K.L.:
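I'd like to ask some things about the structure below.
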Protein chains: 4
Amino acid sequence: MALLQKSIDKRTALLKATLCLVNSGGVQSASMAKVAKMANVSPATIYLYFDSKQDLVNQLYLDVKTSFAASAFKEYCPKAEVKTNFEKIWLAMATYKLTNKEEASFLSQSDNTPMIDEATRQEGLKQMQPLFDLWTQGQKEGLIKDISPYLLYAYSIYPIAFLMNMECRGICPLDKKVIAKAFEAAWDSISLK
Amino acid sequence: MALLQKSIDKRTALLKATLCLVNSGGVQSASMAKVAKMANVSPATIYLYFDSKQDLVNQLYLDVKTSFAASAFKEYCPKAEVKTNFEKIWLAMATYKLTNKEEASFLSQSDNTPMIDEATRQEGLKQMQPLFDLWTQGQKEGLIKDISPYLLYAYSIYPIAFLMNMECRGICPLDKKVIAKAFEAAWDSISLK
Amino acid sequence: MALLQKSIDKRTALLKATLCLVNSGGVQSASMAKVAKMANVSPATIYLYFDSKQDLVNQLYLDVKTSFAASAFKEYCPKAEVKTNFEKIWLAMATYKLTNKEEASFLSQSDNTPMIDEATRQEGLKQMQPLFDLWTQGQKEGLIKDISPYLLYAYSIYPIAFLMNMECRGICPLDKKVIAKAFEAAWDSISLK
Amino acid sequence: MALLQKSIDKRTALLKATLCLVNSGGVQSASMAKVAKMANVSPATIYLYFDSKQDLVNQLYLDVKTSFAASAFKEYCPKAEVKTNFEKIWLAMATYKLTNKEEASFLSQSDNTPMIDEATRQEGLKQMQPLFDLWTQGQKEGLIKDISPYLLYAYSIYPIAFLMNMECRGICPLDKKVIAKAFEAAWDSISLK
DNA sequence: CATGAATGAGATTTCATTCAT
DNA sequence: AATGAATGAAATCTCATTCAT
């Protein structure tokens with residue numbers, strides 16, 4: 001058990017190191033040697049936890065995406081109203097991205113780069129299922145536009161990533177007011193009327 | 001003249017090869033050797049046209065961004081109405097991205113990856129100036145929400161990239177109907193009322 | 001222990017290979033690939049022991065200079081007479097250069113070439129301190145001309161390198177008689193009377 | 001004739017550029033491209049004047065050695081006394097090295113480095129013939145020690161190079177007094193009594 | 001379980017040289 | 001005579017991965 005604990009710590013340290021390095025210089029700058037050094041282990045040790053660099057990055061992606069989804073849907077309540085639920089989820093997502101900038105930045109890189117396996121990406125997408133369900137419900141109730149969930153995602157969720165990037169680069173600070181305006185825009189783009 | 005022409009051809013071939021390789025596997029997989037081979041020149045020749053790999057990628061970014069902007073603003077007419085102009089620009093952008101998928105895919109990668117110099121990125125941003133001007137005008141006329149241009153961009157322009165990615169991966173085909181719906185969502189997100 | 005021993009062996013083999021290659025064709029002809037092959041390791045292995053080619057050459061310089069100084073001053077005895085001491089040192093130096101031609105040849109190259117860092121060169125110079133001290137003592141005792149140590153070095157020590165070069169090129173063989181004459185010339189150039 | 005003149009200028013410019021570059025970073029840093037640029041010609045032009053890089057360096061060596069010898073023996077008068085003649089030559093050499101530091105530095109590099117062909121080096125050595133003749137004369141007259149000319153050279157001429165190097169590195173400035181002391185040491189090392 | 005050492009393959013970049021003009 | 005463009009070969013250095021311990 002002590003050993004297992006230790007192992008989990010190392011796995012976590014390795015993922016954390018990878019996250020940090022990929023963020024600051026892309027996948028190419030996250031060499032296994034640097035990852036190992038930052039996680040205070042030997043390069044060889046990485047291969048006890050991951051099959052390859054590709055596997056390391058994929059697992060990181062899944063881990064982060066899962067933690068992102070967990071945060072997003074924590075307060076999701078199937079019985080509540082659609083808009084209320086959407087707002088909760090949207091805010092939770094925005095909050096997660098503001099609070100966990102490294103993770104957010106990594107996800108936005110992964111989404112636009114061939115660095116993650118297609119299969120893994122699909123796996124990550126499944127985590128968003130509750131949101132898709134909510135939209136279907138909203139469409140049935142005539143609250144949300146009857147368009148493809150990809151459009152809904154593109155207009156109501158995806159923009160958050162752009163705003164995050166701007167914030168991280170110091171170009172556009174995100175305070176509560178801006179967040180509120182952003183949510184408004186998100187809702188306006190997908191809601192009927 | 002013959003010499004100069006030849007040179008321009010090679011430069012173009014090199015940029016084209018880089019574009020193609022970066023798209024299929026990220027910057028890291030676009031090795032100078034592969035780029036050279038695909039452009040049918042010796043690796044050493046690349047350095048007659050570009051200072052370094054970084055310079056090659058930066059110049060590609062600027063070239064593509066410039067061609068994108070040229071297409072986007074081709075029919076922009078300062079005297080026309082704001083919404084008409086915005087629609088023209090938006091459609092031109094969408095058309096460009098649908099017609100030049102490689103370029104579009106490259107731009108979306110560049111925007112979320114540390115592969116382009118910050119300075120070069122800023123340079124590229126300037127190309128979007130006419131759009132910013134249009135928004136300012138729209139805000140004065142009370143047609144467009146009084147929010148930061150970054151928000152406007154995030155909600156009305158940035159989503160196009162997401163839709164492109166989905167189309168490229170065969171997940172969400174973009175026909176005229178979807179495009180129309182997308183524009184609607186874009187306009188709804190930023191317009192007043 | 002086994003590991004450490006092995007490491008020292010490899011470091012030594014790499015330095016030895018570099019020495020040999022630099023001697024036969026200058027720094028430029030001592031490519032990392034050739035050094036690696038001659039030391040029976042992979043090129044990558046070199047970088048486990050040295051930071052860069054520059055570092056490799058610098059360390060070689062320091063190693064050789066140190067071993068040279070060790071030989072030179074082995075029998076140096078502060079209590080003995082100045083001339084006796086000088087003769088011992090001078091002969092030890094000449095003997096070292098005759099016995100270790102590769103090292104001697106390398107040192108004479110280093111001293112006239114921009115291949116060694118200035119800092120490293122200074123470091124190497126410190127090894128000659130006992131000789132400088134001896135000269136100072138000799139000057140106090142009125143045995144040695146009251147001139148800059150650089151002049152003393154130029155006339156009594158530096159010429160050995162020239163003779164070595166000639167010997168190596170088969171131009172001027174150095175037997176005991178010649179050595180004796182050479183020492184005489186050295187002493188005549190720096191001694192008073 | 002105009003053409004010939006032009007050619008000589010270019011040859012000179014190329015040699016000058018090579019001299020400068022070899023001095024500041026060794027042969028390896030004097031790439032043909034850099035030499036061409038510094039001489040304001042195309043790389044291809046170099047090959048109209050020299051067969052190869054090796055040939056370029058060899059010819060530079062011979063040119064410099066010849067100009068050095070010309071200066072050294074300008075005032076040499078077979079009828080004058082040995083010591084007078086030697087002093088004239090020695091001073092002319094020292095003066096040349098002080099006045100033409102670039103050339104001097106290059107010569108001292110060439111003499112200790114495998115960068116010059118052995119054949120070319122021999123060729124250069126011939127230029128020193130008048131000095132060897134003078135020594136022979138001096139030995140006959142019982143003024144100069146009866147030792148190999150290589151010893152004589154090593155002790156009376158070679159040290160100048162060392163002093164030059166020190167001066168160039170700012171370690172040991174050479175004023176008239178030091179020069180006088182240096183000559184004294186030179187003469188003491190080779191003269192009888 | 002953990003590692004330091006080792007490496008073959010490959011990355012970016014430079015170089016001496018040639019050739020069409 | 002002169003050149004700018006081009007290049008194959010090679011230089012330095014890095015990397016993902018393995019293996020003996």
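Naming: A, B, ... by sequence-line order, numbering from 1 per chain. Computed from a predicted model, the values in this text were never measured in an experiment.
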K.L.:
Can you sort out the partners of B:Gln122 under side-chain hydrogen bond (donor to acceptor under 3.5 Å, both in side chains), two or more places apart, ordered by chain and number?
P.N.:
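B:Glu118.
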
K.L.:
How close or far is atom C1' of F:dT3 from atom OH of D:Tyr49, stated in whole angstroms?
P.N.:
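Spelled out: OH on D:Tyr49 to C1' on F:dT3 is 12 Å.
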
K.L.:
So, using ring-ring contact (aromatic ring centres under 6.0 Å, His included) as the criterion, who are the partners of C:Phe106 when residues are at least two apart?
P.N.:
none

K.L.:
Quick one: closest heavy-atom pair of A:Ala36 and A:Ser42, and the distance?
P.N.:
CB-C, 3.8 Å

K.L.:
Can you tell me which residue among B:Thr120, B:Ile116, B:Val64 is in a side chain to side chain contact (heavy atoms under 4.5 Å, CB included) with B:Ser110?
P.N.:
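Passing option: B:Ile116.
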
K.L.:
List for me each residue that meets salt bridge (charged side-chain N to carboxylate O under 4.0 Å, His left out) alongside A:Lys101, sequence neighbours excluded, and say none if there are none.
P.N.:
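Checked A:Lys101 against salt bridge (charged side-chain N to carboxylate O under 4.0 Å, His left out); matches are A:Glu167.
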
K.L.:
Roughly, in whole Å, what's the span from CE in A:Met115 to P in F:dA16?
P.N.:
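So the two atoms are 14 Å apart, to the nearest Å.
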
K.L.:
What does the list of N/O pairs under 3.5 Å between the protein and nucleotides 11-14 of chain E look like, with a distance for each?
P.N.:
residue, atom, partner, partner atom, Å
E:dT12, OP1, B:Lys53, NZ, 2.6
E:dT12, OP2, B:Met32, N, 2.5
E:dT13, OP2, B:Tyr47, OH, 2.7
E:dT13, OP2, B:Lys53, N, 3.0
E:dT13, O5', B:Tyr47, OH, 3.3

K.L.:
What residues form a side-chain hydrogen bond (donor to acceptor under 3.5 Å, both in side chains) with D:Asp111, not counting sequence neighbours?
P.N.:
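Partners of D:Asp111 by the side-chain hydrogen bond (donor to acceptor under 3.5 Å, both in side chains) criterion come out as none, since no residue qualifies.
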
K.L.:
Apply side chain to side chain contact (heavy atoms under 4.5 Å, CB included) to A:Gln28 and list each qualifying residue two or more places apart in sequence or on a separate chain.
P.N.:
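Side chain to side chain contact (heavy atoms under 4.5 Å, CB included) list for A:Gln28, sorted by chain: B:Val27, B:Gln28.
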
K.L.:
For E:dA5, does either OP1 or OP2 sit under 4.0 Å from a side-chain N or O belonging to C:Lys10?
P.N.:
no

K.L.:
Could you state the NZ-C1' distance from C:Lys37 to F:dA10, rounded to the nearest angstrom?
P.N.:
12 Å

K.L.:
Take the protein atom CG of C:Asp9 and the nucleotide atom P of E:dA5, then report the distance between them rounded to whole Å.
P.N.:
14 Å

K.L.:
Restricting to side-chain hydrogen bond (donor to acceptor under 3.5 Å, both in side chains), what partner residues turn up for C:Asp51, sequence neighbours left out?
P.N.:
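Expected list: none.
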
K.L.:
Return the value, rounded to whole Å, for the distance between atom CG of C:Leu48 and atom P of F:dC13.
P.N.:
14 Å

K.L.:
How close or far is atom P of F:dT12 from atom CG of C:Leu21, stated in whole angstroms?
P.N.:
11 Å

K.L.:
Measure CD1/A:Ile8 against C1'/E:dC1 and give the value in whole Å, please.
P.N.:
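To the nearest whole Å, that distance equals 15 Å.
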
K.L.:
Output all residues satisfying side-chain hydrogen bond (donor to acceptor under 3.5 Å, both in side chains) with A:Gln59, sequence neighbours left out; order by chain, then residue number.
P.N.:
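For A:Gln59, the residues satisfying side-chain hydrogen bond (donor to acceptor under 3.5 Å, both in side chains) (neighbours in sequence not counted) are A:Arg11, A:Asp55.
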
K.L.:
Dot-bracket notation for DNA chain E is requested: 5' to 3', Watson-Crick or G-U wobble pairs only, both distances under 3.5 Å, with ( ), [ ], | and . as defined.
P.N.:
.||||||||||||||||||||

K.L.:
Using atom CD1 of A:Ile46 as one end and atom C1' of F:dA16 as the other, report the distance to the nearest whole Å.
P.N.:
9 Å

